[in-house]
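Below: one structure, written as structure tokens.
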Amino acid sequence: MSAGRFAPSPSGDLHLGNLRTALLAWLFARSSGRRFLMRVEDLDRVREGAEARQLADLQAIGLDWDGPVTRQSQRTALYDDAIARLTAAGMTYECFCTRREILEAASAPHAPDGAYPGTCRNLSAEEKASKTRPPALRLRADVTDFSVDDVLHGRFHGQVDDFVLRRVDGVAAYNLAVVVDDGEQGIDQVIRGDDLLTSAPRQAYLASLLELPTPTYAHVPLALNAQGKRLAKRDGAVTLEDQAAMGLGPHDVLDLLARSLELVGPNDHVTAKDLLSNFDPARLPTTPWIFET
Ligand code: GLU
């Protein structure tokens with residue numbers, strides 16, 4: 001059965017922009033009869049207690065999900081299996097570059113925008129043996145770009161380089177884990193912030209290599225602060241807890257989010273469920289939401 005998802009990284013409390021993206025992911029999934037799954041992306045930057053607070057906040061604004069919450073840290077075997085398949089097909093290689101070497105090489109004139117230039121693509125056995133640091137594992141991509149279709153952006157064409165599949169610390173990299181999880185969980189609709197639009201071509205290409213179906217994408221506009229920068233915790237009263245301290249409960253926040261999405265009028269009070277019947281992706285605002293505290 002088809003499904004959508006929200007996939008928060010438990011690095012701290014969700015802010016209004018994150019809650020708004022979650023609301024949209026829920027509306028897209030539920031209004032199209034899909035299941036809605038919650039997947040905690042805890043392969044890095046985990047803050048103690050953040051997952052529980054994030055899930056409680058999502059529930060407080062009226063979102064629900066199907067089945068148990070999944071956690072990437074418990075799905076290592078799936079990632080290892082995908083990496084083993086790619087390796088068996090000759091589609092991976094070890095990379096010993098330091099972050100600094102990559103930055104220097106990527107800014108060289110022949111390297112397209114920030115792409116990994118393939119420094120370690122063809123190392124000999126001797127060259128590898130002479131390395132002293134542990135390697136990351138990269139994809140041996142046989143394309144340099146790939147297209148995806150996005151509900152809000154139309155056809156999007158973007159760069160694919162030899163991106164990292166397994167980090168130096170042995171943990172699956174974000175792009176690999178997302179693709180494996182979406183495929184394995186039957187997720188056919190990916191709604192997330194448009195800061196990830198440029199990752200979609202890499203992910204769709206990797207899905208094709210793993211013979212997984214490509215999901216429908218909708219990369220939604222982010223919330224920005226008054227300076228036009230991506231909303232962050234330091235921008236003031238941006239979490240449910242901060243809003244509560246100002247006397248605004250989760251229902252008030254939901255009203256605020258719904259207004260920002262032009263789903264209700266200025267004086268309407270709604271629940272998340274109330275928004276389902278009239279939800280129409282074609283009428284969503286296409287520009288960022290500026291949140292001024
Ligand atoms: N975990 C990612 C984030 O919180 C989202 C990844 C995704 O939706 O593909 O930014």
Side-chain angles (χ1 to χ4, degrees), residues 2-29 34-47 49-55 57-58 61 63 65 69-76 78-79 82 146 148-153 156 158 160 163-165 167 171-207 210 212-224 229-233 238-240 288-289:
S2 56
R5 46 74 159 184
F6 186 60
S9 302
S11 54
D13 289 347
L14 297 171
H15 61 54
L16 295 172
N18 307 132
L19 292 169
R20 187 174 184 259
T21 301
L23 172 63
L24 280 170
W26 184 87
L27 286 169
F28 267 88
R34 285 178 167 82
R35 302 173 71 224
F36 186 63
L37 308 184
M38 190 58 63
R39 183 174 77 226
V40 175
E41 302 207 323
D42 58 350
L43 296 183
D44 56 9
R45 292 179 297 135
V46 172
R47 178 164 302 174
E51 176 192 313
R53 285 201 307 278
Q54 291 186 340
L55 298 178
D57 286 357
L58 293 166
I61 63 164
L63 308 191
W65 48 89
V69 172
T70 52
R71 289 177 194 85
Q72 289 189 321
S73 57
Q74 293 165 357
R75 299 168 64 81
T76 310
L78 290 169
Y79 311 139
F146 205 73
V148 295
D149 290 311
D150 185 284
V151 173
L152 304 176
H153 296 262
F156 178 78
V160 177
F163 57 88
V164 173
L165 301 172
R167 309 181 325 213
V171 176
Y174 159 69
N175 282 312
L176 185 274
V178 163
V179 169
V180 169
D181 285 339
D182 286 345
E184 195 275 334
Q185 296 187 288
I187 286 162
D188 66 342
Q189 184 191 55
V190 169
I191 313 302
R192 58 189 178 189
D194 62 13
D195 54 332
L196 288 169
L197 178 62
T198 54
S199 297
R202 287 186 181 82
Q203 294 173 9
Y205 170 64
L206 182 57
L210 291 168
L212 297 169
T214 312
T216 299
Y217 293 104
H219 288 88
V220 300
L222 294 179
L224 306 181
K229 294 259 160 39
R230 196 192 308 185
L231 195 67
K233 301 287 156 48
V238 296
T239 64
L240 273 197
W289 175 44

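Remember, it's 1-based here, ligands and their atoms both numbered in the order they're listed. Fair warning: this is a prediction, and the values are worked out from it, not measured in the lab.
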Testing the basics here: between F146 and P201, what is the closest heavy-atom pair and its distance to 0.1 Å? O-CB, 3.4 Å
CG-OG distance between L206 and S199, expressed to the nearest 0.5 angstrom: 12.0 Å
Heavy-atom proximity to atom 8 (O) of ligand 1, best of H219, R5, E41, Q203: R5
The answer for which part of Y174 has a heavy atom under 4.0 Å from ligand 1 is side chain
Test item: side-chain donor near acceptor, T70 and Q185, under 3.5 Å: yes
Using a distance-only test with no angle check, is there a side-chain donor-acceptor pair under 3.5 angstrom linking N175 and Q203? yes
Atom 5 (C) of ligand 1 - nearest protein heavy atom and its distance: A7 O, 3.5 Å
Of the protein's non-hydrogen atoms, which lies at the shortest distance from atom 9 (O) of ligand 1, and what is that distance? R192 NH1, 2.8 Å
Would you compute the distance between atom OH of Y205 and atom CZ of F163 and round it to the nearest 0.5 angstrom? 8.0 Å
With a 4.0 Å heavy-atom cut-off (strictly under), which part of L196 contacts ligand 1: side chain, backbone, both or neither? side chain
Tell me which protein heavy atom sits closest to atom 3 (C) of ligand 1, plus the residue, atom name and distance to 0.1 Å. S9 OG, 3.6 Å
